[in-house]
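Structure first, then comments.
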Amino acid sequence: MKVLVINCGSSSIKYKLFAMPGERELVRGNIEHIAEPGSKVRDHFSGLKIILQKIGMVSAVGHRVVHGAEEFRKPVLVDKAVIRKIRACCQIAPLHNPANLAGINACNKLLPGVKQAAVFDTAFHQTLPEYAYVYGLPYEYYKRFGIRKYGFHGTSHEYVAHEAARILRRPLENLKIITCHLGNGCSIAAVDKGRSIDTSMGFTPLEGLVMGTRCGDIDPALVTYIMHRFKLDIHRMDSLLNKASGLKGISGLSNDMRVLEAKAKAGNKRAKLAIDIFVYRIKKYIGAYTAVMSGCDALIFTAGIGENQAGIRARACKGLFRHLKKQPKIMVIPTNEELMIARQAYRLISSCVSCSCTEGQERG
Ligand code: ADP
């Protein structure tokens with residue numbers, strides 16, 4: 001069965017085609033500049049058409065959907081009710097979910113009758129206990145408006161945690177794992193017995209670690225202070241926090257960790273400071289998650305920086321577990337969110353075929 005995995009951003013579609021259940025990757029690609037001035041690709045529908053012309057017919061589609069709020073704890077087959085609920089999540093994920101929906105709608109039109117699965121970035125973190133996800137704000141903001149920690153990169157954290165258990169030949173249910181997804185976006189998760197019990201990203205992906213261009217944790221009072229002092233409106237403030245901060249903002253050079261390592265080596269002080277801050281924040285989170293799980297059996301590094309930059313890993317781990325009697329295994333495990341999505345789509349679609357239902361299932 002050919003399963004197409006689609007990751008729609010506001011102006012891009014990344015895709016991979018897998019032969020399932022063998023998990024062989026057949027094709028991968030990326031369409032960019034969708035709906036941008038001067039681009040030949042007008043919208044996600046035209047983008048998908050180009051992809052399908054290239055790859056031919058597929059048997060199923062798996063979509064990465066960023067925000068599933070509290071509606072989706074697991075991947076689901078797409079039907080009208082699911083589309084309605086994903087649309088409802090747009091209010092709390094206005095940057096991401098509309099693009100994911102555009103991909104789903106384009107598939108509905110171009111691939112009628114082909115089953116689609118939606119796999120949510122937030123779903124894996126739906127197991128967080130209430131005391132970890134409710135903010136210190138008036139409780140009604142959570143109850144009435146869904147303002148709470150959701151966490152992201154869930155598919156990646158889940159994938160590498162499973163891989164770690166497989167490699168260690170131990171049941172996931174017996175392991176305390178800390179997973180560090182360090183790419184342009186960065187997040188850490190505490191995975192206790194296979195369940196995410198805390199994670200560094202929050203209501204949006206801005207919270208937590210210092211990232212390529214995002215600030216991560218800051219004093220929340222700074223937001224109003226900076227807006228007032230520099231007369232910034234909401235959009236400029238949002239852009240400052242999400243696009244001009246983090247490694248790029250601190251160094252004044254780049255959001256690319258490879259560039260910063262090279263510059264730091266050549267003596268650039270701000271590049272060195274950006275790396276110091278980045279590493280220090282990771283260390284604090286690992287320490288905190290080791291404390292809340294009363295130990296750590298495995299520490300996993302993944303994504304661009306986590307997989308490739310040994311210097312950053314070494315510095316984040318230095319002296320970290322000296323106080324523990326039993327040392328955790330420290331592992332590098334390449335993430336593969338698309339394969340995880342293909343697996344989930346295949347699993348849902350095969351079970352749906354075997355139960356011979358014609359409509360997509362409601363959420364599980
Ligand atoms: P994204 O979150 O955009 O998927 P990646 O996981 O590709 O990001 O990570 C990008 C970061 O990883 C950059 O800071 C980059 O410098 C760093 N990096 C280091 N080595 C590599 C590599 N071999 N390939 C890609 N990124 C790398």
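Note that the coordinates shown come from a computational prediction; the quantities given were computed from them, not determined experimentally. Counting starts at 1 for both ligands and their atoms, following the listed order.
Here the side chain of Thr213 pairs no donor or acceptor atom with the backbone of Gly246 at under 3.5 angstrom.
Applying the 4.5 Å side-chain rule to ILVMFWY residues, one finds Phe152, Met201, Met211 in the same cluster as Val66. Side-chain heavy-atom separations under 4.5 angstrom define the hydrophobic clusters, and the remaining members of the one that includes Leu232 are Leu206, Ile218, Leu222, Val223, Tyr225, Ile226, Met227, Phe230, Ile234, Met237, Leu240, Leu241.
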Evaluate side chain to side chain donor-acceptor pair (under 3.5 Å) for Glu70 paired with Gln126, printing each intermediate quantity in order. CA-CA 7 Å; Glu70 291 185 338; Gln126 277 297 300; 5.5 Å; no
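For residues 90-110, the pairs satisfying side-chain hydrogen bond (donor to acceptor under 3.5 Å, both in side chains) are Asn108-Gln116, with sequence neighbours left out.
The aromatic rings of Tyr150 and Phe203 sit tilted relative to each other, their planes meeting at an angle between 30° and 60°.
Within 4.0 Å of ligand 1, protein heavy atoms belong to Gly183, Asn184, Gly185, Asn255, Asp256, Met257, Arg258, Ala303, Gly304, Ile305, Asn308, Gln309, listed by chain and number.
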